[in-house]
Amino acid sequence: MTVVVVTNNVAGVKPGIQSEIKQTKPFSSIEEEAFLALQRTADQLQGRVAEWLKTWGLSPTQYNSLRILRGAGEEGLACSEIAERMINRDPDITRLLDRLEKRGLTRRSRDSKDRRVINAFITREGLQLLKKLDTPVVQFQKQMLGHVGERKLKTLVAILCAARNG
């Protein structure tokens with residue numbers, strides 16, 4: 001026997017954010033409910049990915065910066081450009097890169113045209129670590145979100161894009 005839970009007139013959706021955070025009064029608006037649900041979901045997913053990446057000796061921001069530098073190729077990127085591309089803002093890119101450089105995953109040098117600019121580059125060791133992570137990351141993401149289904153995920157991506165560009 002299959003039981004379908006109906007909440008907020010959406011079939012198949014389990015009790016939402018209101019019950020999760022044990023809020024007894026109704027939300028003031030659907031926007032408030034959506035905002036809190038988005039924050040809670042992002043926090044939970046971020047926590048899971050942080051815990052998972054710990055086994056590889058990385059934080060989410062370290063992993064993100066390595067991916068950015070891999071994408072930049074041999075030209076590397078100015079530290080300010082890395083900061084602009086980060087998924088989660090890190091106020092101290094210098095310290096982040098210090099930690100990665102200590103581990104031999106990145107290196108930095110002054111720009112030859114503008115000595116004020118520091119460029120960062122991913123090292124061979126950094127590339128090897130990312131290569132080891134590529135397949136496990138895809139599997140982890142499927143484990144975290146695959147149950148939602150491709151159609152719903154495409155809709156979610158579109159909705160989140162609309163929210164960011166609002």
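- Checked against Ile68 for a side-chain contact (heavy atoms from CB on, under 4.5 Å), the options Glu81, Glu84, Met86 give a single hit: Met86.
- Across Ile122, Leu105, Thr61, a single residue satisfies side-chain contact (heavy atoms from CB on, under 4.5 Å) together with Leu100, and that is Leu105.
- In this structure, the side chains of Thr94 and Cys79 stay at 4.5 Å or more apart for every pair of heavy atoms.
- By the 6.0 Å contact criterion, CZ on Arg67 is open, its count of non-hydrogen atoms from other residues, nucleotides or ligands being 12 or less.
- Atom CZ of Arg89 has more than 12 heavy atoms from other residues, nucleotides or ligands within 6.0 Å.
- For the pair Gln44/Met144, no side-chain contact is recorded, criterion being any heavy-atom separation below 4.5 Å from C-beta on.
- The shortest non-hydrogen separation linking Gln23 to Lys25 is NE2-O, 3.0 Å.
- In this structure the side chain of Leu38 reaches within 4.5 angstrom of the side chain of Leu160, judged on heavy atoms.
- Put simply, the side chain of Leu58 reaches to within 4.5 Å of the side chain of Leu129, judged on heavy atoms.
- Side-chain atoms of Arg103 never come within 3.5 Å of backbone atoms of Gly126 as a donor-acceptor pair (strictly under, hydrogens ignored).
- Checking side-chain atoms of Glu32 against main-chain N and O of Ser28 turns up a donor-acceptor pair under 3.5 Å.
- Using modelled atom types, no side-chain atom of Thr106 and backbone atom of Phe121 make a donor-acceptor pair closer than 3.5 Å.
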